[in-house]
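We use all heavy atoms of the structure for the numbers below, so side chains are in, but hydrogens, waters and symmetry mates are not. Bear in mind that the values here come from a model prediction, so they are computed numbers and not experimental data. Letters A, B, ... are given to chains in the order of the sequence lines, protein chains preceding strands, and every chain is numbered from 1.
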Number of protein chains: 2
Amino acid sequence: MASIKDVAAAAGVSVATVSRVLNDHPSVSDDARTRVLAAVAALGYRPNAVARSLRTDQTRTLGLVISDVLNPYFTELARSVEEAARALGYSVIIGNADERPELQDHHVRTLLDRRIDGLLVSPTDGGSPLMLEAARGGTPMVFVDRWIPGVDVPVVRSDGRAAVRDLVAHLHGLGHRRLAIIAGPAATTTGSERVRAFREALAEYGVPLPEAYIGQGDFQAESGRRVTEGFLDLPEPPEVIFAADNLMALGALDAVRARGLRVPDDVALAAFDDIPWFVHTDPPVTAVAQPTGELGRAAVRALVDRIEGRPPQSVTLPARLVVRRSCGENPDQNVQNRSQS
Amino acid sequence: MASIKDVAAAAGVSVATVSRVLNDHPSVSDDARTRVLAAVAALGYRPNAVARSLRTDQTRTLGLVISDVLNPYFTELARSVEEAARALGYSVIIGNADERPELQDHHVRTLLDRRIDGLLVSPTDGGSPLMLEAARGGTPMVFVDRWIPGVDVPVVRSDGRAAVRDLVAHLHGLGHRRLAIIAGPAATTTGSERVRAFREALAEYGVPLPEAYIGQGDFQAESGRRVTEGFLDLPEPPEVIFAADNLMALGALDAVRARGLRVPDDVALAAFDDIPWFVHTDPPVTAVAQPTGELGRAAVRALVDRIEGRPPQSVTLPARLVVRRSCGENPDQNVQNRSQS
DNA sequence: CGCATCCGTGTAATCGATTCCACGCGGTGC
DNA sequence: GCACCGCGTGGAATCGATTACACGGATGCG
C-alpha cells in the first residue's frame, strides 16, 4: 500500500508538503497542491489511520459497550449512537458484554488499548475496578441507560417513573390488584430502579408489592420464563406480570403459553422497553417506551463535548406508556406522557 | 498514560527487554523478567495497540459490514462473528450500511484506512468500485450471506432452495394456489435468489408466478407494507404472501392488520429468516430458518484462514423450514430439512 | 590457556504520519 | 542599500512499539 513517501516522491515534493495538502494547511502553493493531489489520485493513496493516530494521539473513535446486542433496545441505541457519532466525524466500536461482567471488562480493556477517544458504557454490573480506574484515570466517559452510582461520570438515561405510574394507573383502572414484577439484576441501576418505581406507584393506590411477587431475572428471555413459572405456581398467582425488559417479557409469554393460559384473560403482561414486534405479538404488548434515538444522540453529544473540552451534561428524558391489549380491554384509554421531566 | 519507556526506566532495563518480556521472547533472564513485570504492575502499563499495529503491520482486527443492524438476523450474525473472532484473538469492528450503498462504501473505506486485517461483507448492492478494488488489491475478504458474482472471494452462505421447496410443498398441501412474493433488491444475491428458488419450486407443482405477484421490496418493513397493500388491491389478490426477509414480513403483517384482515384466514404469510419473535406473533409465523450462528463462525474461520496464509474455503449450509400457523392449520405436518447440501 | 559459542542485553533503525524550525527568496519600508 | 517580513518549502524529531545486529561476559572444549 502506498505511503506518504511514495506520494511525495511521485509529486516531487517532501512528505511535509504532502501532509500539509492532506490536512489543508494554508501555506502550500497552488502548484504543489495540484501535483500532490494528482499523485494521490494516481497512486490511490489513503492515509494510514494507525500512523496518524500514533502521532496525533487521537483516534477519532468512540467505544460503546452495551449489555446485550441481541436486545432490540440496545441494537437501536447502538444504531443511533453510530449515526450521531458519524455526523461528528467519529467512528464507533461496539463491544457486546452479553450481560457478563468479565466480557464487559474484556471489551473495555481492548478499547482502552486501542486508545479510543472516549467511552460510552451501559454497565452490566456495579462497576469493575477496571472501569472505575478508567473513569478516574481521565478517560472521557459517559454512562448511557444504566450507570454506576458514586462515579463522577455524566449519565444519559430516561426516567421511567412517570410512565410506570401511568402503567399502574392503567392496571388499577382495569381492576387488577395482584401485580408482580420480573426484576433485572440488582447490581444494575435499571434493575433496581424499575422495581422501586413500580413499588412506589403501587403504594399510591395502597397496593403492596409482596416479596413473592418480585422475581429475580437477568434481562434474558430464559429468566423471564423461569420467574413466570414460579409466579404461576404460587397458591395465589398474580393477575399482572410486569417484565423489566422486553426479552424477559418474551420469556414470560413463552411460559404463559406453555401452560395453555391466555394473555390477558388469565394473566396480564406489560414490559419495559417497547419494540416494533410488540405490535404484532399475541396479544400486542403494553409497554413503557424509551426515547432510544434521543438517548443515543444525547450520549454522543455529551461524550464529544467532554472529549473536545466542553463541559458535558447529564441528560434525563422521560419514557412514555404505550397501551396495547396485553393487560385487558380498555379501548379508549391511552395514557401517555402524563408528566414531563 | 505510561509508555514502554517508563516501564523500562522503572525496571532499570532497556525498552527492548521490556518488549521481549511482553511478547514472551525466550532470551530474558528471570531477574529482568520479574523486575519488568513488577514495573508493569506498578505503573498499570498497557501496551499501545496503535503503536504496535504500526510497527507490526497487523491490527488483529476484522471488519464486518452488514446491511442492517436492526434486522435481528444480522444482529445475530454479528454476535456470532464477534464471538468466533474473539476466540481466535481478533476484535471486530461492525459497520452498518442500512441498506445504503454509499454508507457501505463509507464503512469499507474507514475500515481499510484503519488497516484491519480482513473484511467480512454482506454487500448491499452489486458491488461498488471501491469494494472490487479492495478485493483485487489483496485485502483478505470473505462474503457472508450475500455476495457479488464474478469476484474471486470466498462466500459463506446458506442455501434456502430445499427449504423453499418444503415451504411450497406445505403451502400447496394446504390448498393454496395463488402465491406471491415480496422480493428483496435485485442487486443483492439474496434478493434475486429467493425469487428464483420460489419460482422453481412453484414450477414443480405447475403453479406459475405471474409478474403481478412479485413485489419489489428493499428488505425494510416499510416496503413490505407497501407491497402488501399493492397485492391486496389486485382484482385477484394472492392467497399467500412470502416475504424475503423478516422485516418485510413485519410490514406485511402491519398492512394486513390495517385492512382488518386476518392471517391465515384471509391471507397466509411466510417469511425468510426465522427470529425468536415469530413464535409469539399473531399468528406465529412460518419461516425459513438459516443456521445463523454456524454461518458467522464459518465466515470467521474462512477469513482468518485467508489472513494467516491458509487456503480459505467457501461454505454453503442448508436452511430449514419451520412450520407455524401463519399459512393455515395443518397440525401434524412439520416438514423439515427434506434435503441436505 | 586460548578460542569459539551462547546467552542476555542494549543501541538504533523502522513503521507512516504530523509539525517545529530553519532556510531561501522576493517584496517593502526607511 | 539594508534590514525585515512573510511565504512556501524541506529537514528532522517525534509518537510507542518491534526487532536486527552488535557487544560483553561466561562457559566449554581442545
Task: Under-4.0 Å side-chain N/O to phosphate OP1/OP2 contact, A/K5 with C/dC15 - done: yes
- [ ] Scan side-chain atoms only and decide if B/Q220 and B/D245 contain a donor-acceptor pair under the 3.5 Å cut-off.
- [x] no
- [ ] Send over the distance from A/I4 CD1 to C/dT18 C1', rounded to a whole Å.
- [x] 8 Å
Task: side-chain contact (heavy atoms from CB on, under 4.5 Å) partners for B/R86, two or more places apart - done: A/L103, A/H106, A/H107, B/E82, B/E83
Task: Polar side chain donor-acceptor pair, A/R114 to B/T61, under 3.5 angstrom - done: yes
- [ ] Specify the angle, to 10°, made by the local axes at the two ends of the helix from C/dC1-D/dG30 to C/dC30-D/dG1 when five pairs are taken at each end.
- [x] 60°
TODO: Send over the distance from B/R52 CZ to D/dT19 C1', rounded to a whole Å.
DONE: 13 Å
Task: A/L54 CG to C/dT14 P, straight-line distance once rounded to whole Å - done: 17 Å
Task: Pair A/R157 + A/D145: basic N to acidic O under 4.0 Å - done: no
- [ ] For B/N23, answer base if it contacts any base atom (sugar-phosphate contacts may also be present), sugar-phosphate if it contacts only those atoms, and nothing otherwise; contact means non-hydrogen atoms under 4.0 Å.
- [x] sugar-phosphate
Residues 297-305 of chain A, side-chain donor-acceptor partners within the protein, below 3.5 Å, at least two apart:
from: A/R297; atom 1: NH2; to: A/E294; atom 2: OE2; distance (Å): 3.4
from: A/D305; atom 1: OD1; to: A/R310; atom 2: NE; distance (Å): 2.8
from: A/D305; atom 1: OD1; to: A/R310; atom 2: NH2; distance (Å): 3.0

TODO: Whole angstrom is fine here: how far is it from CG in A/L22 over to P in C/dG16?
DONE: 15 Å
Open item on the list: Please report the distance, rounded to the nearest Å, between CZ in B/R115 and P in C/dG16.
Closed with: 9 Å
Open item on the list: Between A/R79 and B/D98, does any NZ, NE, NH1 or NH2 come within less than 4.0 Å of an OD or OE carboxylate oxygen?
Closed with: yes
TODO: Send over the distance from A/M1 CE to C/dC15 P, rounded to a whole Å.
DONE: 17 Å
Could you run down the sub-3.5 Å N/O contacts of the protein with nucleotides 22-24 of chain C?
none

Open item on the list: Looking at B/R146 and B/E99, is there a salt bridge between them, counting it only when a charged N and a carboxylate O are closer than 4.0 Å?
Closed with: yes
Open item on the list: Is any side-chain heavy atom of A/V151 closer than 4.5 Å to one of A/L132?
Closed with: yes
Task: A/S158 versus A/Q290, closest heavy-atom pair with distance - done: OG-OE1, 2.8 Å
Task: Under 3.5 Å donor-acceptor, A/D117 side chain and A/L62 backbone - done: no
Open item on the list: Does B/S19 reach a base, just sugar-phosphate, or nothing at all? Heavy atoms under 4.0 Å.
Closed with: base
- [ ] Would you mind reading off the distance between A/Q58 atom CD and C/dT18 atom C1', rounded to a whole angstrom?
- [x] 11 Å
Open item on the list: For B/R35, give me all partners under salt bridge (charged side-chain N to carboxylate O under 4.0 Å, His left out), at least two apart in sequence or on another chain.
Closed with: B/D31
- [ ] Between protein and nucleotides 6-13 of chain C, map the contacts as a letter string: B base, S sugar-phosphate only, - none, heavy atoms under 4.0 Å, written 5' to 3'.
- [x] --SBBB-B
Open item on the list: Whole angstroms only, please: what is the CZ-C1' distance between A/R46 and C/dA17?
Closed with: 14 Å
